[in-house]
Amino acid sequence: MTDQDSGRRPKYQRIADELRTAIQSGAFAPGDRLPGENDLMTTYDVARMTARQALSVLRTEGLAEARKGAGVFVRTFRPLRRRGIPRLAQDHWGTGRSVWSADIEDRALVVDQIEVGRATAEARVAAALGLPADAAVCIRSRRFVLDDKPVLLSVSYLPADLAQDTPIATPDTGPGGTYARLTELGHQPVHFREEIRCRMPTADETMRLSLEFGTPVILIGRTAFTAKGVAVELNEMTLDSASYVLEYDFDA
């Protein structure tokens, strides 16, 4: 970019460029407080709105986060590394460990909201599970929190007849979770298919995941199949994209 091109950029973008460069060079380390609106107004001789827009750019890019009453800080990024293949291995959940435990290493992942119920399957759910249009499904809805920050919303759908009167239809499914219980019932998942896409969040998702403005979400839809090719679960997950790295490690 030439000096002339730079001069055409709005002032707030030029301020954001300088702050971004300072963050990337290490002049501002993760967790450091960035100059506030008053500081930027004095340093760059700009209006408060211009200073606010500059900081907003960094927040939208995921480089900074606002802390109520404290200011704007360089984001500390210690991602959840979602290992898409090892986490679904039977020797993981089959030994009583949660599928989610493969992602968190020594960190504590907490389910702070859980609802379990029964309803008529929506069209996409019925299609994914190979059920009639008016079939009933067991629905397990959960929110996962890591380091006091919501990171994941997860909704699982299972044929109601399969889950009824089993631990799957209760809040605590027991060691190994849903897949271990399905195995005990003779419906062991042996094959999984995941579809991944991204979009901007809904207002409800923004609130439930405490998302910074401009942060997209990652949507993962996973279907679990038995050896006979019968779909036994559809799990629709909504991830805070600023909290995750998706990792897939496999042989050629």
Side-chain angles (χ1 to χ4, degrees), residues 9-82 100-101 103-115 141-155 171 197-220 236-246:
R9 289 167 61 79
K11 267 192 173 181
Y12 76 89
Q13 290 185 349
R14 282 181 272 156
I15 296 170
D17 290 345
E18 290 190 22
L19 292 173
R20 185 188 306 106
T21 298
I23 292 170
Q24 292 172 343
S25 70
F28 290 111
D32 283 353
R33 184 183 183 277
L34 292 172
E37 292 177 9
N38 290 338
D39 300 320
L40 296 179
M41 290 167 61
T42 300
T43 301
Y44 294 96
D45 190 23
V46 294
R48 183 173 300 278
M49 182 56 67
T50 301
R52 185 171 299 167
Q53 286 177 303
L55 292 171
S56 179
V57 168
L58 300 178
R59 292 174 59 193
T60 300
E61 293 176 352
L63 292 174
E65 59 185 358
R67 299 179 189 172
K68 191 172 182 179
V72 178
F73 294 77
V74 179
R75 187 182 181 95
T76 300
F77 184 52
R78 187 186 175 193
L80 271 166
R81 191 165 292 277
R82 185 182 188 275
W100 313 101
S101 66
D103 303 339
I104 60 175
E105 299 174 340
D106 60 344
R107 303 161 79 184
L109 188 67
V110 177
V111 180
D112 78 329
Q113 296 176 3
I114 181 166
E115 295 180 7
S141 176
R142 292 144 290 168
R143 183 175 79 162
F144 293 79
V145 177
L146 182 73
D147 300 335
D148 299 321
K149 166 69 172 67
V151 295
L152 168 71
L153 306 176
S154 174
V155 183
R197 64 189 181 94
C198 297
R199 62 164 168 75
M200 298 308 294
T202 64
D204 180 66
E205 290 165 347
T206 297
M207 178 185 69
R208 294 188 65 200
L209 289 172
S210 300
L211 298 175
E212 285 281 347
F213 175 76
T215 303
V217 289
I218 302 170
L219 306 179
I220 301 179
E236 295 183 333
M237 293 158 275
T238 305
L239 289 65
D240 172 6
S241 65
S243 297
Y244 273 89
V245 169
L246 306 186

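In what follows, residues are counted from 1 in the order of the sequence shown.
Under the 3.5 Å distance criterion, the side-chain polar atoms of Glu212 are matched with a main-chain donor or acceptor of Ala66. Counting only distance, with no hydrogens or angles, the side chain of Ser241 and the backbone of Pro216 share a donor-acceptor pair below 3.5 Å. Side chain of Ser25 to main chain of Thr21: a donor-acceptor pair is present (N/O by atom type, distance under 3.5 Å, no hydrogens or angles).
Screening Asp112, Asp204, Asp240 for a salt bridge (charged side-chain N to carboxylate O under 4.0 Å, His left out) with Arg143, the sole residue that qualifies is Asp112. The only member of Leu152, Val111, Val155, Leu153 that meets side chain to side chain contact (heavy atoms under 4.5 Å, CB included) when paired with Arg142 is Val111.
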For a side-chain contact (heavy atoms from CB on, under 4.5 Å) check, start with the C-alpha distance between Leu40 and Arg48, then their side-chain angles and the critical distance, and finish with the verdict.
CA-CA 8 Å; Leu40 296 179; Arg48 183 173 300 278; over 6 Å; no

For the pair Glu18 and Thr43, evaluate side-chain contact (heavy atoms from CB on, under 4.5 Å) and give the outcome as yes or no after the intermediate values.
CA-CA 12 Å; Glu18 290 190 22; Thr43 301; over 6 Å; no

Show your reasoning for whether side-chain contact (heavy atoms from CB on, under 4.5 Å) applies to Cys198 and Ile218.
CA-CA 5 Å; Cys198 297; Ile218 302 170; 4.1 Å; yes

Go through Leu58 and Val72 one step at a time and tell me if the side-chain contact (heavy atoms from CB on, under 4.5 Å) criterion holds.
CA-CA 9 Å; Leu58 300 178; Val72 178; over 6 Å; no

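The neighbour count for Met200 CE, taken as heavy atoms of other residues, nucleotides or ligands under 6.0 Å away, is above 12. In this structure, Glu115 places its CD atom where only 12 or fewer heavy-atom neighbours from other residues, nucleotides or ligands lie under 6.0 Å away.
How far CD1 of Ile15 is from OH of Tyr44: 6.0 Å, rounded to the nearest 0.5 Å. Distance CG/Leu209 to OG1/Thr215: 10.0 Å, rounded to 0.5 Å. Here the CD atom belonging to Gln53 is positioned 9.0 Å from the CD atom belonging to Gln13, to the nearest 0.5 angstrom. In this structure, Thr50 OG1 and Lys11 NZ are separated by 7.5 Å, a value rounded to the nearest 0.5 Å.
Ion pair Lys149/Glu65 not flagged as a salt bridge, since none of the NZ, NE, NH1 or NH2 atoms sits closer than 4.0 Å to an Asp/Glu carboxylate oxygen. In summary, Asp17 and Arg20 engage in a salt bridge, as defined by a charged side-chain N under 4.0 Å from a carboxylate O.
Side-chain contact between Leu211 and Val217 is present, with at least one heavy-atom pair separated by less than 4.5 Å. Between Leu63 and Val74, the closest side-chain pair of non-hydrogen atoms is not below 4.5 Å.
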